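Just so we're clear, the structure is a prediction, and the values are computed from it rather than from any experiment.
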Amino acid sequence: MAAMNDAMTSAPGKGRKLGRDLAGLAAILALAVLGYLLFPNNLALLTRITAIALLVLSLDLVTGYCGVATLGHAALFGSGAYAAGIAAVHFGITDPLLMLACGILGGSLAGLVCGVVILRAHGLPQLVLSIALIHLFHEFANKASSWTGGSDGLAGIAPDPLLGHFEFDLWGRTAYVFAIVLLAVVFTILRLIVRSPFGMLCRGIKEDPIRIRAMGASPKLALMKMYVISGAVAGTGGALNAISTQVVGLDSLSFTLSAESLVMLVLGGTGSLFGALTGTIVFMFFEDLVSAANPFHWLTMVGALLIAVVLFAPKGLYGTVAGLVSRWWGTFR
């Protein structure tokens, strides 16, 4: 009877969570269709936004849900991009799905390496270690020019038609659809992960790691697992970027990309997958808009936006709007 009562009590909560998941997935697909209709000649930008969104989602896993401070997460993204590119150029693996698998593997291995190093410290030393790692990854890729192309970039990536039928055309239609499908699949998997007992454990580690350790769990092992998962997600974004642009440059391993991804996460709201997507879309569209309108002072406008969000919406754009909607809904129920 107690078990049945618990099941009946939790059923409405599960139903609401499932409803939010379906609504979020529907919103992603609706925005994808809207973007295709409104920007048919700029699908390359939309594909790039999707790839960066995967990077920001992966950063949210370790920073927003686990509380690990990092400014070097582009190392995972770039590792996935170079793994997919090297597989195509040097080993003849040009099937897009196999290139994607190589990118996921490369990102996961980079996540394992970064996790081993970064998780040995806490707080500010973690930031220092992450900055050192991104510079080391960048320099390694630059020196290994016979494999990576060095400062000239890794060119000559020519993926085969997707599933043997859909060629990657100059308009970027196939790459865009491929990107949206990847984003939808990854988003669904991550929603399951963050709501699972493992995801709740990671949230508990962020709040009170000493209590989690006293309960018999290993915070370091759990964080290491999440770092590897984060690396797989970032590697997916890197592989997508390599497949869609057919070139991999050192900018995919830059400190600038790491810092921008953290800015996007804070802009949308940490600890929320919806916030990560919101921050990425708003930042990249705003950046593209103001840089085209004022190429000399666009960084000033971006900085002003970030200051305004931090001061007046400390929970991020999505977190603030969600809080207001929840308060309004509770008032009128």
Side-chain angles (χ1 to χ4, degrees), residues 20-61 63-64 73-74 77 172-173 175-188 190-191 194 233-234 236-238 240-241 244-245 252 256-293 298-299 301-310 312-325:
R20 286 197 296 267
D21 291 347
L22 293 177
L25 193 59
I28 292 174
L29 297 178
L31 287 175
V33 173
L34 186 63
Y36 186 89
L37 296 176
L38 294 178
F39 307 101
N41 298 321
N42 207 6
L43 296 180
L45 173 63
L46 301 183
T47 305
R48 169 72 175 175
I49 291 175
T50 306
I52 298 300
L54 291 170
L55 169 61
V56 180
L57 285 171
S58 71
L59 177 61
D60 195 23
L61 292 179
T63 300
H73 219 67
F77 180 85
R173 298 190 185 99
Y176 179 64
V177 174
F178 184 45
I180 296 302
V181 171
L182 279 179
L183 179 61
V185 171
V186 170
F187 179 83
T188 302
L190 293 186
R191 287 291 292 176
V194 299
V233 176
T236 301
L240 171 62
N241 192 62
S244 60
T245 61
S252 62
T256 301
L257 180 58
S258 295
E260 285 185 348
S261 62
L262 183 59
V263 168
M264 295 177 206
L265 179 59
V266 173
L267 180 64
T270 60
S272 169
L273 300 180
F274 294 108
L277 293 178
T278 302
T280 305
I281 295 172
V282 171
F283 180 88
M284 296 199 70
F285 265 114
F286 186 78
E287 182 183 48
D288 182 72
L289 180 64
V290 298
S291 61
W298 65 275
L299 280 175
M301 301 179 189
V302 173
L305 170 66
L306 296 177
I307 292 174
V309 170
V310 171
F312 302 105
K315 293 183 179 180
L317 295 176
Y318 175 80
T320 301
V321 172
L324 292 175
V325 171

| said: If I compare all heavy atoms of Phe77 with all of Ile52, which pair ends up nearest, and what's the gap? | reply: CZ-CD1, 4.2 Å
| query | Do the side chain of Thr63 and the main chain of Asp60 share a donor and acceptor less than 3.5 angstrom apart? | reply | no
| request: Show the numbers, then the answer: is there a side-chain contact (heavy atoms from CB on, under 4.5 Å) between Leu46 and Leu43? | output: CA-CA 5 Å; Leu46 301 183; Leu43 296 180; 3.9 Å; yes
| note | Distance col, row Phe187:CZ vs Leu29:CG, nearest 0.5 angstrom, shows 10.5 Å
| task | Grab the two heavy atoms, one from His73 and one from Ser258, that are nearest each other, plus how far apart they are. | result | N-OG, 3.4 Å
| query | So how far is it from Leu45 CG to Arg48 CZ, rounded to the nearest 0.5 Å? | reply | 9.5 Å
| query | Looking at Thr320 and Ala313, what are the two nearest heavy atoms and their distance? | reply | OG1-CB, 3.2 Å
| query | How close do Leu55 and Ser261 get, heavy atom to heavy atom, and via which atoms? | reply | CD2-CB, 3.9 Å
| said: For a quick test of reading the model, state the closest non-hydrogen atom pair linking Thr50 to Ala179 and the distance between them. | reply: CG2-O, 3.4 Å
| query | Counting distance only, does the side-chain N/O of Tyr176 pair as donor-acceptor with the main-chain N or O of Ala32 below 3.5 Å? | reply | yes
| request: Could you grab the distance from atom CG of Leu59 to atom CG of Leu54, nearest 0.5 Å is fine? | output: 12.5 Å
| request: Find the distance between OG1 (Thr188) and CD1 (Ile28) and round it off to the nearest 0.5 Å. | output: 7.0 Å
Ignoring hydrogens and angles, write down the donor-acceptor pairs under 3.5 Å from the side chains of residues 268-290, residues two or more places apart or on other chains.
from: Ser272; atom 1: OG; to: Phe274; atom 2: N; distance (Å): 3.4
from: Ser272; atom 1: OG; to: Gly275; atom 2: N; distance (Å): 3.1
from: Thr278; atom 1: OG1; to: Phe274; atom 2: O; distance (Å): 2.8
from: Thr280; atom 1: OG1; to: Ala276; atom 2: O; distance (Å): 2.8

| request: Hey, could you give me the CE/CD1 distance between Met264 and Ile49, rounded to the nearest 0.5 Å? | output: 9.0 Å
| request: May I ask you to decide if Ala175's main-chain N or O and Ser244's side chain share a donor-acceptor pair within less than 3.5 Å? | output: no
| query | Can you find a heavy atom in the side chain of Leu183 that is under 4.5 Å from one in the side chain of Leu57? | reply | yes
